[in-house]
Amino acid sequence: MQYADIIGWGKYTPPAILTNDDLASIIDTSDEWITSRTGIKERRISHINTAEMATLAAKQALASAGIEADEIDLIIVATCCPDTLVPNTASRVQQLLGSNGAVCFDLSAACTGFLYALQNATAQIRIGAAKKALVIGAERMSWYLNWNNRDTAVLFGDGAGAVVLEATEQKCGLLNAEMGCNSNSRDILKIADFGTDMDRFENPPTALQIDFAGPEIFKHAVRGMGKAAETVLAQAQLEITDIDLLVPHQANVRIIETLQKQLKLKDEQVMVNIHRYGNTSAATVAIALCEAVEQGKIKPGNNIMSAAFGAGLTWAAAYIKWGNRVTPINEYSQQEQQCSQTAKQLLAVAINGCKS
Ligand code: UT7
């Protein structure tokens with residue numbers, strides 16, 4: 001029997017930081033409101049595009065796995081911020097990695113995208129269709145945001161995370177998952193006027209923005225992730241006391257705390273980094289998983305539960321049995337990706353554009 005071990009991990013969190021106080025100088029909001037309602041203190045604004053962020057995360061993951069890019073035979077990029085619709089972002093990542101020939105595709109499931117992609121790549125490895133896979137969550141949410149709309153501008157950030165999967169006989173990697181989509185509620189979180197829905201000739205859209213019903217999604221998120229996590233535990237024949245770490249989607253710290261309470265987990269059993277990055281959509285779980293290993297929160301053989309929800313409304317929970325590796329084989333330096341501009345400078349045109 002084949003399994004898909006996670007043998008490498010990496011992330012790219014852009015250097016330009018946009019604090020809550022920065023935001024309060026642009027729109028009618030405050031550090032107090034954002035912190036108390038969401039847990040977010042700051043987020044990153046990228047000076048490079050989605051594929052470049054994804055590639056930097058992938059390079060670090062490959063170095064940590066100790067393998068070369070041309071050993072990879074499957075690349076999945078979970079994103080809702082593709083640089084181009086055609087060709088896809090994954091093919092650009094492969095090109096930037098200097099390799100060729102792998103199956104490359106993008107997966108669009110918003111914030112749930114990374115878990116959908118992890119399950120997909122795991123399944124391909126388990127049936128023998130792939131041997132080594134790169135699974136990436138990468139998002140440049142700052143591109144979509146209406147910087148004049150405080151409902152959404154304060155919530156999101158940019159970033160990327162990646163893992164390398166490898167076929168193994170050892171029973172580890174993603175072992176059980178419960179995933180789905182509640183399409184009846186697909187309209188409560190959307191980016192309208194992007195794609196063939198838009199009136200391309202008669203009335204072309206002038207600005208994009210994320211439309212959403214925050215409190216409604218909040219309720220769906222708590223219900224959906226909790227139920228999926230309980231189903232996964234039952235499938236895996238585990239008790240919640242068997243779980244070492246929860247790595248949840250980072251959309252709102254109050255959602256995470258509610259899930260934590262529901263699953264009766266202690267603070268140290270929950271990976272939280274939303275205060276530093278905000279909601280990076282498909283990148284949140286990938287970055288959180290990477291940081292959990294870096295911070296020594298994941299030990300060999302640990303039982304990890306992850307859960308996410310997002311536009312669609314997609315939802316997922318997954319049980320991951322960590323393999324043996326918790327120390328990177330090689331380090332990869334991202335020094336060359338320093339940015340000379342501040343986050344506010346990077347956003348200046350977008351902020352003015354949204355006001356007009
Ligand atoms: O990952 C998938 C996408 N993620 C989500 O959709 C997140 C899910 N939802 C949430 O996290 C929360 O619902 C929000 C953080 C979006 C909102 O929190 P809330 O506690 O549900 O606040 P609310 O929408 O009920 O708004 C409360 C008040 C309103 O004012 P009034 O009507 O009570 O006077 C808003 O106008 O807060 C006001 N408000 C703000 N005030 C300052 C909304 N946004 C802001 C803001 N700064 N940025």
Side-chain angles (χ1 to χ4, degrees), residues 11-24 26-31 33-35 37-50 53-54 57 78-83 108-114 137-161 188-192 194 207-218 220-221 248-256 272-288 308-314 343-344 346-347 349-351 353-354:
K11 66 172 193 231
Y12 177 72
T13 53
I17 296 174
L18 187 74
T19 64
N20 290 348
D21 287 335
D22 289 334
L23 272 165
I26 303 168
I27 45 180
D28 179 19
T29 189
S30 64
D31 174 49
W33 192 95
I34 304 170
T35 306
R37 297 296 179 114
T38 72
I40 300 166
K41 295 299 283 182
E42 57 190 40
R43 69 288 293 142
R44 305 299 176 99
I45 304 298
S46 184
H47 61 301
I48 56 177
N49 63 24
T50 301
M53 286 194 286
T79 188
C80 57
C81 308
D83 300 333
S108 171
C111 307
T112 318
F114 180 76
E139 304 277 23
R140 196 177 185 184
M141 300 302 289
S142 61
W143 186 85
Y144 278 127
L145 292 171
N146 175 345
W147 288 96
N148 204 24
N149 180 353
R150 68 179 185 176
D151 290 352
T152 47
V154 304
L155 300 177
F156 296 95
D158 301 335
I188 66 174
L189 175 47
K190 63 182 176 188
I191 298 168
F194 191 53
L208 293 171
Q209 69 166 18
I210 300 175
D211 295 325
F212 82 153
E216 202 46 32
I217 301 163
F218 194 108
H220 278 277
H249 172 46
Q250 314 278 316
N252 187 321
V253 79
R254 292 186 292 136
I255 295 176
I256 298 173
V272 181
N273 62 8
I274 187 172
H275 49 292
R276 286 187 294 137
Y277 306 125
N279 181 350
T280 57
S281 183
T284 65
V285 170
I287 295 172
F309 68 95
L313 293 177
T314 52
K344 276 176 79 173
L346 286 171
L347 290 174
V349 174
I351 292 164
C354 294

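Positions are given from 1 along the sequence.
Residues I27 and W147 form no side-chain contact, since every pair of their non-hydrogen atoms from C-beta on lies 4.5 Å or further apart. Residues Y12 and I287 have side chains not in contact (no heavy-atom distance under 4.5 Å, counting atoms from C-beta outward). Residues R276 and T13 are not in side-chain contact: their nearest non-hydrogen atoms beyond the backbone lie 4.5 Å or more apart. Residues T35 and K41 are in side-chain contact: their nearest non-hydrogen atoms beyond the backbone lie under 4.5 Å apart. Counting heavy atoms from C-beta outward, F309 and H249 have side chains that approach closer than 4.5 Å.
Between the CD1 atom in I210 and the CG atom in L155 there is a gap of 8.5 Å [rounded to 0.5 Å]. Put simply, CG on D22 and CG on L347 are 9.5 Å apart, with the number rounded to the nearest 0.5 Å. Note: L313 CG to L189 CG = 6.5 Å, rounded to the nearest 0.5 Å. A distance of 9.5 Å separates CG in D151 from OG1 in T29, rounded to the nearest 0.5 Å. Atom CZ of F218 sits about 5.0 Å away from atom CD1 of I255, to the nearest 0.5 Å. From K344, atom NZ reaches atom CG of L23 across 9.0 Å, with rounding to the nearest 0.5 Å.
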Please test R150 against D28 for salt bridge (Lys or Arg N to Asp or Glu O under 4.0 Å), starting from the C-alpha separation and ending with a verdict.
-> CA-CA 7 Å; R150 68 179 185 176; D28 179 19; 3.5 Å; yes

For L208 and W143, what are the C-alpha separation, side-chain angles and deciding distance, and is it a side-chain contact (heavy atoms from CB on, under 4.5 Å)?
-> CA-CA 9 Å; L208 293 171; W143 186 85; 3.6 Å; yes

Go through the steps to decide whether Q209 and I191 satisfy the test side-chain contact (heavy atoms from CB on, under 4.5 Å), and finish with yes or no.
-> CA-CA 6 Å; Q209 69 166 18; I191 298 168; over 6 Å; no

Could you please spell out the steps behind the side-chain contact (heavy atoms from CB on, under 4.5 Å) verdict for F156 and Y144?
-> CA-CA 10 Å; F156 296 95; Y144 278 127; over 6 Å; no

Under the side-chain contact (heavy atoms from CB on, under 4.5 Å) criterion, do M141 and C80 qualify, and how do the steps go?
-> CA-CA 8 Å; M141 300 302 289; C80 57; 4.1 Å; yes

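Heavy atoms only, all atoms of each residue included: A24 and S30 are closest at CB-CA, 4.3 Å. Closest of all the heavy-atom pairs between A192 and D211 is CB-OD2, 4.2 Å. Considering all non-hydrogen atoms of both residues, F114 and A282 come closest at CB-O, 3.2 Å. The two atoms that bring P14 and M53 nearest to each other are CG-SD, 3.8 Å, heavy atoms only. Between A283 and G137, the shortest heavy-atom distance links the atoms CB-O, 3.4 Å. Across C111 and S281, no two heavy atoms sit closer than the pair N-OG, 3.5 Å.
Checking side-chain atoms of T314 against main-chain N and O of A109 turns up a donor-acceptor pair under 3.5 Å. Between the side chain of R140 and the backbone N or O of S46, at least one donor-acceptor pair lies under 3.5 Å. Side-chain N or O atoms of R43 include one that pairs as donor or acceptor with a backbone N or O of V154 at under 3.5 Å. Side chain of E42 to backbone of I40: no donor-acceptor contact under 3.5 angstrom is found. The backbone N or O of I45 sits nowhere less than 3.5 Å from a side-chain atom of S142 that would complete a donor-acceptor pair. At least one donor-acceptor pair under 3.5 Å links the side chain of Q250 to the backbone N or O of N273. With hydrogens and angles disregarded, no donor-acceptor distance shorter than 3.5 Å links the side chain of D31 to the backbone of D21. Although no hydrogens or angles enter the test, the distance criterion places no donor-acceptor pair under 3.5 Å between the side chain of N279 and the main chain of N252.
Remark: K190 pairs with no residue by the side-chain hydrogen bond (donor to acceptor under 3.5 Å, both in side chains) rule, at least two apart or across chains. Residues satisfying the side-chain hydrogen bond (donor to acceptor under 3.5 Å, both in side chains) test with T79, not counting sequence neighbours, are E139.
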